[in-house]
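Before any comments, here is the structure.
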Amino acid sequence: MQDLKTDFIVVGGGVAGLRAAIELSRHGDVIVLTKDVLTEGSTEYAQGGVAVALNYDDEVAIHFEDTIKAGDGLCRHDAVNILVKEGPDRILELIDWGAEFDKEDSKLAFTIEAAHSRKRILHAKGDSTGKEIMRVLVDKIKTLKNVKKMSFNTAVDLIVQDNICYGVVVCKENSIFKILGRATIIATGGAGQVYSRTTNPDVCTGDGIAMALRAGAILEDMEFVQFHPTVLYAPNTPSFLLSEAMRGEGAIIRDVNGDAFMQRYHPKAELAPRDVVSRAIISQMVETKSDHVYLDLTHLNPEFLKKRFPRIYSTCLGYNLDITKQMVPISPAAHYLMGGIKTDIDGATNIKGLYSAGESACTGVHGANRLASNSLLEGLVFGFRCAVHASGLEPLNPTTVTDFDNAKETISRSDINTIRNHIKKTMWEYVGIIRCGKSLSQAKQEISRWKDIMDMPFRSRIGIETKNIICVAMAITESALCREGSVGAHYRTDFKERGENWQRHISVKLIDKEIKTCI
Ligand code: FAD
Ligand code: SIN
């Protein structure tokens, strides 16, 4: 492949990347890179909906309060303010472009999810909200002649000299080339694949976060990983999400003895914050010596369920589970990374010309625990904002751009696969929902065994991703070790209270080839 030049490079084609690309296209040529087909990413699978203060009894100030409360004291107020204030415009614009959110009597239908004090979640085709948002954004992108979509192109590393980002090194079918541009937007999504049990699709290996770290960017809040409480748990089934919206519509969580235990753990029971529900499930699983609990919808109207959750109903039926008649076995799984590449409210990082938006970014909007359905909105709001800011950058002229290391891979694919699975298992067991100093130190030791991989060049997708998984796993573990206290989604049995100086944000950076905290 020949090297390419453009104005703007967007790495990632989910809600954040596409919204950024649409705005950037008004200011120059844009290349959108995706690792797989354009639609493959978390956005496509988003079920519950998108939170926005548009209902008649809602206000942006109430959405603000709910987000801050869920964030458990660690949200950045300026970022939350922007999210809730600019959110309605971004959603109305999406509707203007053709998004069809579900309606009741010709008015938009809003539902409720955990920790929301109002019905403010818009949804589409019942439980296919992300798919509808992607449909509209992809259709819009197709009308823009100066946006070039490059599927199955994996970004490998950023080209950064003297703290200025000039573009990315890309791998397509084992061949390496460079794309240069005046701004690079990382919108590579989350990193659920760092864990052995996750709701995230395969592409979510934290690539952009790891690339940014290697290039000198600061990562923040990496200890805050959200585990979704209600994920299918049955032999020979994937970790398929059973939307929180089901609890919003009345689903009950029961243990293996049929006990609806959530009331004992939190006054809001099934609609308690996600971290509370996940920990309650783990405690109940330990108490009942079981590896799962159940989501019970059998008391709800079967016709309503089929209409409201058609995708979940048919997917479960494909695994011989009729949600209208049977309780569904569930257990928690890694779902969302609150932390990521540290950005300001315009998506700018500490490296000139490098931006991030969506799940790969940490604007501080989610604090220690994300309010359900706030991330699709975040992708729209901050994808747009970083494009507005990046469009003001002058074209760059790098004097020389260092060539990518062309050395061959030295580890076999089967070995790299074994290492990858080992890291994922280690993260699940030792850096999961409930952690302690001992488990975290054990994880650090295990992951450090593969530290050398961080310096190796790879051309296979599995090699590139495994190197990134190791980087992100180390960053999460280091941050979790550093936070000696329990806040939001980060819970340590050896520090059950918030701990001293709990309101600080923990940052990590690559210093002398080591990932170190830099508070
Ligand atoms: P994604 O949509 O994940 O897109 C990432 C993109 O980056 C992909 O195009 C991928 O190919 C590309 N990419 C990754 N690495 C590379 C690389 N090295 N080179 C090139 N391209 C790369 N949030 C809500 O608000 N409401 C919900 O109802 C909801 N439901 C969810 C259900 C599920 C099952 C999951 C997994 C998440 C859900 N979330 C929900 C969270 C939300 O979907 C995500 O946080 C959000 O969609 C992330 O958008 P994004 O644009 O940042 O990344
Ligand atoms: C869900 O539908 O439960 C997922 C919502 C979210 O992650 O915001």
Side-chain angles (χ1 to χ4, degrees), residues 9-20 31-52 70 111 113-116 121-124 127-131 133-134 137 149-157 168-172 185-193 198-211 226 228-231 238-248 274 309 311-312 333-338 340 356-361 366 370-380 382-383 461 464-465 468:
I9 305 158
V10 178
V11 189
V15 61
L18 293 187
R19 187 60 195 86
I31 289 181
V32 178
L33 294 173
T34 59
K35 203 159 55 165
D36 208 291
V37 292
L38 181 61
T39 49
E40 186 62 8
S42 292
T43 306
E44 177 74 4
Y45 299 100
Q47 295 180 353
V50 51
V52 63
T111 191
E113 287 181 4
H116 287 271
I121 321 290
L122 285 177
H123 42 91
D127 51 6
S128 290
T129 315
K131 204 177 178 61
I133 290 179
M134 281 301 284
L137 294 175
K149 303 169 289 293
M150 295 176 61
S151 304
F152 294 100
N153 279 267
T154 302
V156 180
D157 264 310
V168 280
V169 175
V170 180
C171 184
K172 184 175 171 80
I185 321 283
I186 301 280
T188 48
Q193 289 295 335
T198 180
T199 61
N200 289 191
D202 290 350
V203 292
C204 296
T205 47
D207 294 3
I209 299 172
M211 280 160 52
Q226 185 171 76
H228 200 294
T230 57
V231 182
S239 303
F240 177 68
L241 183 74
L242 294 158
S243 176
E244 193 153 298
M246 297 184 120
R247 278 173 283 140
R274 243 172 226 184
F309 302 108
R311 199 170 174 187
I312 299 176
H335 182 60
Y336 186 87
L337 183 63
M338 269 71 76
S356 183
E359 198 170 332
S360 55
H366 306 301
R370 176 179 63 102
L371 184 67
S373 288
N374 259 356
S375 37
L376 292 173
L377 193 69
E378 177 197 22
L380 291 170
F382 290 96
R461 180 163 150 186
I464 294 164
E465 288 181 345
N468 293 332

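Every number for a ligand or one of its atoms is a count from 1 in the order of the listing.
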Relative to ligand 1, is [X] under 4.0 angstrom through side chain, backbone, both or neither, heavy atoms considered?
X    : answer
L377 : neither
Q47  : backbone
S243 : neither
H366 : neither
L241 : side chain
I464 : neither

### Message
I'd like to check whether M211 has a polar contact with ligand 1, where a contact means an N/O of the residue lying under 3.5 Å from an N/O of the ligand.
### Response
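In fact, backbone or side chain, M211 has no N or O that close.
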
### Task
State whether the shortest distance between N or O atoms of S42 and N or O atoms of ligand 1 falls below 3.5 angstrom.
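S42 vs ligand 1: N/O contact under 3.5 Å present.
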
### Query
In ligand 2, which numbered atoms sit nearer than 4.0 Å to a non-hydrogen atom of A372?
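Heavy-atom distances to A372 below 4.0 Å select 8 (O).
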
### Message
With a heavy-atom distance limit of 4.0 Å, tell me whether R274 approaches ligand 2 through its side chain, its backbone, both, or neither.
### Response
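Contact part for R274 vs ligand 2: side chain (C-beta onward).
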
### Query
What part of L241, side chain, backbone, both or neither, has a heavy atom within less than 4.0 angstrom of ligand 2?
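Side chain only; the backbone of L241 stays clear of ligand 2.
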
Closest to [atom] among [options] (heavy-atom distance):
atom                    : options               : answer
atom 17 (C) of ligand 1 : V50, D207, V156       : D207
atom 30 (N) of ligand 1 : G130, A357, A46       : A46
atom 44 (C) of ligand 1 : E359, E40, E113, E244 : E359

### Query
Side chains of Q226 and H366: do they bring a donor and an acceptor to under 3.5 Å?
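No donor-acceptor contact under 3.5 Å links the two side chains.
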
#### Entry: Identity and separation of the nearest protein heavy atom to atom 2 (O) of ligand 2
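Result: S243 OG, 2.7 Å.
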
